[in-house]
Novice: 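Got a structure here, written out as structure tokens. Questions coming.
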Amino acid sequence: MSMEPRPLVAGNWKMNGLKTSLAETGRLSTLLKERSASCDVLICPPFTLLMELAAFFAGSAVDLGAQDCHPQKSGAHTGDISAEMLRDCGCSYVIVGHSERRADHGESSELVAQKAAAGQGEDLTTIICVGETEAERDQGKTLDVVSGQLKKSIPGTADPAKTVIAYEPVWAIGSGRTPTAGDVAEVHGMIRTRLFERFGGAGQGLRILYGGSVKPSNASELMAVTNVDGALVGGASLKADDFNGIIDAYRADAR
Ligand code: PEP
């Protein structure tokens, strides 16, 4: 794998999006064709739109991912979706361990590691999310919390070429608040050190995304921080113009 990670700008639509949202993705495709970016672009819609978007993005510069998967390949797990099913419908990525799943579904880091292993077992690149709560930051525990989550959430079998880390402070998600560039640099620097410890030299090539209230107006500053190799974007990924404005941080002519 290359030592210089190619950045990734990933959109997480969460529980948003209907068939009518496809007009917005059409607009994004047009915008991406107009001006090429030096980053990978990924959309993670709800499960219900995966098949349709797989057909829509086939052969384009946009990759498709899901927001979660079950650790098992198949079986009696009503309402769940396996990594094999995601691969079958055209995904190349899956997000695991998003803080909303950790909070809403009580997902532990151990379960997150199982999901990541399942994703990688189906050749999906897994975006493993970590991040502290506001109370943990206020108590000065950020580095310990994130380091602990990281250690337990990366599976023992992890393939560094299929692993992406997303640092998402829980208090920054959907709040309009972001850490300072210095705070982001501190956490991403610690994550990079842990990745070196875990993967040796290959740790340099892993992408570490920042997520939490990224928007066109702050993307350039956040993406310029050392060891920030892209963004995981929630709300601002729902509008093609906003998402494209974030991708601008990786367009040579926009720097
Ligand atoms: C997210 O859901 O991963 C996220 C970062 O959300 P937002 O960009 O809306 O803060």
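Nothing here was measured: the structure is a model prediction, and the numbers come from that model. In listed order, ligands and their atoms are each counted from 1.
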Novice: If we check side-chain hydrogen bond (donor to acceptor under 3.5 Å, both in side chains) with Ser153, which of these qualifies: Lys115, Glu110, Arg102?
Specialist: Arg102
Novice: When you compare the side chains of Arg198 and Thr163, does any donor N or O come within less than 3.5 Å of an acceptor on the partner?
Specialist: no
Novice: Between Glu197 and Arg194, is the closest basic N to carboxylate O distance under 4.0 Å?
Specialist: yes
Novice: Step by step, would you call Leu86 with Phe47 a side-chain contact (heavy atoms from CB on, under 4.5 Å)?
Specialist: CA-CA 9 Å; Leu86 299 179; Phe47 293 129; 3.8 Å; yes
Novice: Look at the side chain of Arg87 and the backbone N and O of Asp123, then say whether any donor-acceptor pair between them is shorter than 3.5 Å.
Specialist: yes
Novice: Quick one: table the atom pairs, ligand 1 N or O against protein N or O, below 3.5 Å, distance rounded to 0.1 Å.
Specialist:
| from | atom 1 | to | atom 2 | distance (Å) |
| --- | --- | --- | --- | --- |
| ligand 1 | 2 (O) | Asn12 | ND2 | 3.3 |
| ligand 1 | 2 (O) | Lys14 | NZ | 2.7 |
| ligand 1 | 2 (O) | His98 | NE2 | 3.0 |
| ligand 1 | 3 (O) | His98 | NE2 | 2.9 |
| ligand 1 | 3 (O) | Glu168 | OE1 | 3.1 |
| ligand 1 | 3 (O) | Glu168 | OE2 | 2.6 |
| ligand 1 | 6 (O) | Lys14 | NZ | 3.4 |
| ligand 1 | 6 (O) | Gly234 | N | 3.4 |
| ligand 1 | 8 (O) | Gly234 | N | 2.8 |
| ligand 1 | 9 (O) | Gly235 | N | 2.8 |
| ligand 1 | 10 (O) | Gly174 | N | 2.6 |
| ligand 1 | 10 (O) | Ser213 | N | 2.8 |

Novice: Does Gln67 use its side chain to pair, donor to acceptor, with the backbone of Pro45 at less than 3.5 Å?
Specialist: yes
